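Note that the structure is predicted; figures quoted are calculated from it, not measured. Quick note: numbers below take in every heavy atom, side chains included, and nothing from hydrogens, waters or symmetry partners.
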Amino acid sequence: MAFACGMNAPIINPLDQGIKDAFINAKLLLGFDKGAANFIAETAKIPAPAEKAEASQDLPPLEQIRAAVKNGEKEQSASLMKTALDAGISSETIIKEGLTSAMTEIGDGYGAGKVYLPQVMMAAEAMQSAFCELKKLLPDIKSKEKGTLVIGTVQGDIHDLGKNIVAALMENSGYKVIDLGKDVSPDAFVKAAIEYKADLAGLCSLMTTTLPELESTVKKLKEAVPSVDILVGGAVVTQDYANEIGAPNYCKDGIAAVRIADQLIEKRNS
């Protein structure tokens with residue numbers, strides 16, 4: 001309440017966990033904790049950004065870019081594109097050693113339980129913002145897409161939050177994403193896969209009642225478009241079930257989807 005009324009320097013006992021929690025929660029709820037960084041750090045029991053960060057302006061350009069992307073700083077990530085180019089760094093190096101490297105670190109952190117989903121999404125948005133700015137500065141830059149993914153929630157299932165997260169992460173990771181939405185029939189998946197010459201098809205099921213539709217869609221895709229690699233996931237899907245229906249590329253979350261997709265595309269191109 002005091003924070004909301006303008007207080008900005010309370011004197012508290014840092015050893016009193018209740019007071020400490022109230023302090024951290026208040027800063028979060030009132031918008032004083034940028035990107036919820038301190039709240040997440042306290043919850044995950046990891047060092048807060050302020051405790052481990054160097055002055056970013058003193059870092060080399062590529063390290064500045066990685067730091068900005070990992071911190072989810074969209075404006076900073078975009079502005080650093082000109083800084084890096086002026087320093088004589090090629091666009092290819094910026095993308096590979098700056099943007100992609102940062103997202104790889106975020107993905108590893110998420111897998112280790114040290115990074116939370118909101119941080120992943122913020123980093124992905126920062127990377128996308130930086131890449132858009134890079135294309136503005138270098139209109140002739142070739143933005144080669146890794147591959148094309150058609151994605152949707154299977155017929156009968158109207159849930160799409162998880163699917164939307166996966167689609168956003170895949171797009172920000174360099175894939176062309178054709179989002180078919182929710183309650184998508186097997187025939188619609190097949191039609192889209194053929195029309196867009198898809199490399200990958202992502203099928204999501206979040207209700208046990210729609211698992212048969214998942215199996216049916218997998219079967220139709222394999223019969224009609226055998227060249228498409230199928231990714232499956234969702235709250236009710238498991239690796240065992242994925243194996244059972246002939247779709248072993250099970251993705252437990254968006255980060256896993258990107259990694260598995262990258263492996264499949266790399267295998268195609270090798």
Side chain to side chain contact (heavy atoms under 4.5 Å, CB included) between Thr148 and Leu200: does it pass, once the steps are laid out? CA-CA 6 Å; Thr148 299; Leu200 308 165; over 6 Å; no
Side chain to side chain contact (heavy atoms under 4.5 Å, CB included) for Leu137 and Leu85? Distances and angles first, verdict last. CA-CA 9 Å; Leu137 294 170; Leu85 291 172; 3.8 Å; yes
Thr153 and Ile158: side chain to side chain contact (heavy atoms under 4.5 Å, CB included), yes or no, with the steps? CA-CA 7 Å; Thr153 305; Ile158 59 172; over 6 Å; no
Could you check Arg268 against Asp229 for salt bridge (Lys or Arg N to Asp or Glu O under 4.0 Å), going step by step and ending with a plain yes or no? CA-CA 10 Å; Arg268 279 171 172 260; Asp229 286 311; 3.0 Å; yes
Go through it in stages, so that I can follow the logic: the residues are Lys82 and Glu133, the test is salt bridge (Lys or Arg N to Asp or Glu O under 4.0 Å), and I'd like the CA-CA distance, side-chain angles, deciding distance and then a yes or no. CA-CA 9 Å; Lys82 187 176 187 305; Glu133 181 64 20; over 6 Å; no
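In this structure, Ala188 and Leu180 approach most closely via the heavy-atom pair O-CD1, 4.1 Å. The minimum heavy-atom distance linking Gly234 with Leu206 is given by the pair CA-CG, 4.4 Å. The heavy-atom pair separating Ala130 from Met81 by the smallest distance is O-CG, 3.3 Å. Considering all non-hydrogen atoms of both residues, Gly233 and Val237 come closest at O-CG2, 3.5 Å. Smallest separation of non-hydrogen atoms from Val69 and Leu99: CG2-CD2, 3.8 Å. In plain terms, the two heavy atoms of Leu221 and Ala201 that are nearest each other are CD1-CB, 3.9 Å.
Sequence neighbours left out, the pairs with a member in residues 214-227 that pass side chain to side chain donor-acceptor pair (under 3.5 Å) are Asp187-Lys220. The stretch residues 153-164 participates, sequence neighbours left out, in these salt bridge (Lys or Arg N to Asp or Glu O under 4.0 Å) pairs: Lys163-Asp179.
For the side chain to side chain contact (heavy atoms under 4.5 Å, CB included) test, residues two or more places apart in sequence or in another chain that qualify with Glu213 are Val154, Gln155, Pro186. Every residue meeting the ring pair (Phe, Tyr, Trp, His ring centres under 6.0 Å) condition with Phe23, not counting sequence neighbours, appears here in chain and number order: Phe3. Every residue two or more places apart in sequence or in another chain that forms a side chain to side chain donor-acceptor pair (under 3.5 Å) with Asp33 is listed here: Asn38.
The existence of a salt bridge linking Lys20 and Glu42 is confirmed by a sub-4.0 Å separation between a basic side-chain nitrogen and an acidic carboxylate oxygen.
Val184 and Val236 fall within the same hydrophobic cluster, defined by Ile, Leu, Val, Met, Phe, Trp and Tyr side-chain heavy atoms under 4.5 Å apart, directly or through other members. Connection of Val150 to Ile194 is established within a shared hydrophobic cluster, with ILVMFWY side chains joined at heavy-atom distances below 4.5 Å, either directly or through further cluster members.
Using modelled atom types, one side-chain atom of Gln64 and one backbone atom of Leu59 make a donor-acceptor pair closer than 3.5 Å.
Side-chain contact annotation: Thr210 with Ser205, donor-acceptor N/O pair under 3.5 Å present.
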Listed pairs under 3.5 Å, donor-acceptor, residues 101-110 side chains, sequence neighbours left out:
| from | atom 1 | to | atom 2 | distance (Å) |
| --- | --- | --- | --- | --- |
| Thr104 | OG1 | Thr100 | O | 2.9 |
| Glu105 | OE1 | Lys70 | NZ | 2.9 |
| Asp108 | OD1 | Arg259 | NH2 | 2.5 |

